[in-house]
Amino acid sequence: MTAPNTNRPSPIKVLIAKPGLDGHDVGAKLVGRALAEAGMDVSYSGLKRSPEQIAERAQIEGVDVVGLSIMSGAHLPLAKSALEALRARGLAHLPVVVGGVIPEHDREPLLALGVAAVFPVGTPFEELVSGIEKLVSSRKSTRAAP
Amino acid sequence: MSKEKSDLSRVVWESGLEVKPVYGPADVEASGGYARVGAPGEHPYTRGIHPSMYRARPWTMRQYSGFGTAEETRERFLFLIKNGQTGLNVAFDLPTQNGYDSDHPMAQGEVGRVGMAVDTLADMEIAFEGIDLAKISTSMTINGSAVPIMAMYFAMARKRGYPLKELKGTAQNDILKEFIGRGTWIFPVDDSVRLVGDTMEFCAKNAPKYSPVSVCGYHVRESGANAAQEMAYGLAIACAYLEHVMARGLTVDEVAPGLSFNFDIHGNIWEQVAKFRAGRRLFASIMKDRYGAKDPRSMQLRMIAGGGGGGLTVQQPENNIMRGAYYALISALSGTQTMALCCFDEAYTIPSERAAKLSLRTMQILMTEMGLCDTVDPLGGSWFVESMTNEMEREIQKILATLEGGSGIVAAVREGRVQAEVNRSAWERERKLESGEVKKVGVNCFVEEEEEHAVELHPYREGEAAKQVQRLRRTKETRDAKAVERTLARLRAAAAAKENVMPATIEAVEAYASVGEVCGVLREVYGEFKEPVGSWR
């Protein structure tokens, strides 16, 4: 299942996090599992994490990408405070993606906040996997450039 | 051609039961016969808990509603009542459900968003102003913070002159399922169960017509469980609460009539029907044979059913109108006592007035035009339905056996074992949806390229949230601070001594102590639940 991808020396490390108070985590866990099956190294924050807790965990685990799962409709304020908490820890470069019940007209405002990609409910796993792979590899190549 | 081929291929339900192309009398005999069918209103209640069911009393219509402040929610309540709704079903916002006040840092962006914000008794008083609590029964979807919210409802009712002895209504208050799915837990598992026990004991002694617990298979199914698991875990949870309060010296007949259930409907129509009929008679048998119930009310599985959020799709949202109508039909064919439908826009947003009214009209059409109330258990006696009811009963029993007949569920939840089972089912179902083995219209078949969806989004008004915080501050300033301090100290002592916390909580909320303050005291005493590591997949 988790055969190493020969193109990459180490698997992409992802933190799937549940910010805010929303307790609906079926989607977060399914996405986490799908990413793990695609060879990524996935950890899950558990429910009701504060922005600081999420940023701290991202730092300790040295993840390549943070996925926020938000079903309550509070994605704009929650994404904003998570990004701020990451910035405060010097992790502004870390791509943050948002999934959940995200209306189309909130996609642009999320991207404007600094979210790297939005994956609303109904996004096929394949698209998620390739989206995250692309994000991480483009970031790695940018950083490798002189 | 292909039709013939698919007719002859295997048909297996999500719960693993296989369906034959044709059923006859021999199939019923082979599956266990008619012995446990019985008559409606008689043990084991396979056909329904009342002898004449909807002929005597149609189901209660109780749409889940609430958002913003108490004023806005009250307006929606009045709208629904005006349009013929016969009960209320209150949605609370996430801070309220998680035991935080509206001014807590964790409440940021969430105040009034997915339900009504309640901080103190003042909000409860506004929400129900002018609504006759004796005529309109109210069900409250509240779990982790059920103790202060029930206390507020009781305090509000008492203040308005309704004696607790006569008060009807329901609190969801099923904390075990919150650990499996939905997530509005606060305290550790065992303390949480004890709090549920406190409410059951309090109601048995002081508010005997109030249902303190509505056991929810619903959210277990929503989290990924199949129909058989949904019923099995629901029954197991009911057993756990009962055994807990019976250990306090209460008899089964003092507490079991206060138990009700909340079940899900989505997926295969016949599988749901078999689930309800099998579940009803299993519950009756367990109550009678294991716990020695004598009061028929202790053995009657009363339920709310009709919603099935997990069956609705964000794609082609209007299709959810049809899904809702079929779920309502299944619910009526299965003998539900109360119905609430998920609105077609609910995969996106707080339902609009239009969507809420459509759900209400759907139920009213079934009730008044279609003959759903004509006769009891119209599917009873069908060779197919009776065979599958027998098989479903065995399937549910098999799962119950893995939980020591049900009693083992508290430990299984504490250790994350139930969660792991449910996660596994969710993953299997998702894989089948992705592969197309399980079909979903608009998702993996009959897919359309869609423009912006035709759903009007409920606005979230920051101003209303600010108003709520202001009201909380005002209440805190004007209340008798000494009385709050005194009553909260009494609550702390009761909690630490493991005494029933309900009387002290009622006193505290009557002094306008807030949800956050009451839960804060209980957090100090009990600590908070820590999710079992590694149970997420």
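Predicted, not measured: the structure shown is a model, and the values here were computed from it. Residue numbering restarts at 1 for every chain, and letters A, B, ... go by the order of the sequence lines.
Using a 4.5 Å cut-off between heavy atoms, A:V121 contacts chain B through both its backbone and its side chain. A:I102 does not touch chain B: none of its heavy atoms, backbone or side chain, sits under 4.5 Å away. With a 4.5 angstrom heavy-atom cutoff, B:P95 touches chain A via backbone and side-chain atoms both. For B:E178, no part sits under 4.5 Å from any heavy atom of chain A, backbone or side chain. Neither the backbone nor the side chain of B:V443 comes within less than 4.5 Å of any heavy atom in chain A.
Annotation: cation-pi geometry satisfied between A:K48 and B:W185 (NZ/CZ under 6.0 angstrom from ring centroid, within 45° of ring axis).
Across A:D22, A:V26, A:L30, A:I16, the residue that shares the most heavy-atom pairs under 4.5 angstrom with chain B is A:L30. Interface check for chain B: of the options A:A74, A:P77, A:G122, the most heavy-atom pairs under 4.5 Å are formed by A:A74. By number of non-hydrogen pairs under 4.5 angstrom with chain B, the leading residue of A:A34, A:G46, A:S72 is A:S72.
In this structure, A:K80 places its NZ atom where only 12 or fewer heavy-atom neighbours from other residues, nucleotides or ligands lie under 6.0 Å away. Within 6.0 Å of NZ in A:K134 there are 12 or fewer heavy atoms belonging to other residues, nucleotides or ligands.
Within the 4.5 Å cutoff, no side-chain heavy atoms of A:S50 are placed close to those of B:Q108. Residues A:K29 and B:W427 fail the side-chain proximity criterion, which asks for heavy atoms closer than 4.5 Å.
Note that CZ of A:R33 and CG of B:N423 are 8.0 Å apart. Values are rounded to the nearest 0.5 Å. Note that OG of A:S45 is 7.5 Å distant from CD of B:E531, once rounded to the nearest 0.5 Å. The distance from atom CG of A:D25 to atom CD of B:Q419, rounded to the nearest 0.5 Å, is 9.5 Å. Expressed to the nearest 0.5 Å, how far CG of A:L47 lies from CZ of B:F529 amounts to 9.0 Å.
Salt-bridge formation is detected for the pair B:R431/A:E37: a Lys NZ or Arg NE/NH1/NH2 atom is positioned less than 4.0 Å from an Asp or Glu carboxylate oxygen.
Test B:Q97, B:M106, B:H104 against A:L21 for side-chain contact (heavy atoms from CB on, under 4.5 Å) and you get one pass: B:M106.
Applying the side-chain contact (heavy atoms from CB on, under 4.5 Å) criterion to A:S43, with sequence neighbours excluded, gives A:L15, A:R57, A:E61.
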